[in-house]
Amino acid sequence: MLTAGEVAGLIVAVFWAILVAFLAFVLVRLARLLTETTKMVSELGEKVGPLLEDVSFTINETNRQLVAVEAIAENMKHASGDMAKLTGVASSIVATPLVKISSIAHGVKAALTRRRPRMIGGRKS
């Protein structure tokens, strides 16, 4: 029969074997995980390059369009300023003679009213 020391050694050896088997299982799973992670990182690296090129192209195109929009806005600013000046000139060209004609018409009307004799009850006064 086995002595107490041999039984204890046998129990320790069994637990040691279980521990080694468990650690081997964990290491195999960890190796698979690292392999998959490495594969995903390499695939991601292959996809990021063209994606960054597309983003760079998009940013450059956006900047080019913003320059064009800025030029259009500047032209519109000048055009609206020119239209304001033109409106002021047209207003002064049209409004000034109308004011003068209106003043003359009012003066003529006032003068004619003063020159006509007033009619009171069908008779001149």
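- Distance check, rounded to the nearest 0.5 Å: NE2 of H78 to CD of E74 gives 4.0 Å.
- Annotation: E70, atom CD; neighbour count of heavy atoms from other residues, nucleotides and ligands within 6.0 Å does not exceed 12.
- With rounding to the nearest 0.5 angstrom, the CG atom of L30 is 11.5 Å from the CZ atom of F25.
- Scored by the salt bridge (Lys or Arg N to Asp or Glu O under 4.0 Å) test, K39 finds E36 as partners (sequence neighbours excluded).
- The main-chain N or O of L52 is never found under 3.5 Å from a side-chain atom of S56 such that the two would form a donor-acceptor pair.
- Atom CG of L10 is separated from atom CZ of F15 by 10.5 Å, given to the nearest 0.5 angstrom.
- Grouped by direct or indirect side-chain proximity (heavy atoms under 4.5 Å, Ile/Leu/Val/Met/Phe/Trp/Tyr only), I72 sits with M76.
- Clustering ILVMFWY residues whenever any of their side-chain heavy atoms sit less than 4.5 angstrom apart, transitively, puts W16 in the very cluster that holds L23.
- R64 is linked by a salt bridge (Lys or Arg N to Asp or Glu O under 4.0 Å) to E61, counting only residues two or more places apart in sequence or in another chain.
- Listed here is the closest heavy atom pair of P97 and S92: CD-O, 4.0 Å.
- Annotation: side-chain contact (heavy atoms from CB on, under 4.5 Å) contacts of V55 (sequence neighbours excluded): I59.
- Side-chain heavy-atom separations under 4.5 angstrom define the hydrophobic clusters, and I101 shares its cluster with no other residue.
- L33 has its side chain out of reach of R29: every pair of non-hydrogen atoms, C-beta onward, lies at least 4.5 Å apart.
- For the salt bridge (charged side-chain N to carboxylate O under 4.0 Å, His left out) condition, no pair includes a residue of residues 77-87, sequence neighbours left out.
- A chain of hydrophobic side-chain contacts below 4.5 Å, direct or via other Ile, Leu, Val, Met, Phe, Trp or Tyr residues, connects L112 to I104.
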Would K109 and T113 satisfy side chain to side chain contact (heavy atoms under 4.5 Å, CB included), going step by step from the backbone distance to the final call? CA-CA 6 Å; K109 180 181 174 186; T113 327; 4.2 Å; yes

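- In this structure a side-chain-to-backbone donor-acceptor pair under 3.5 Å is missing from S91 to T87.
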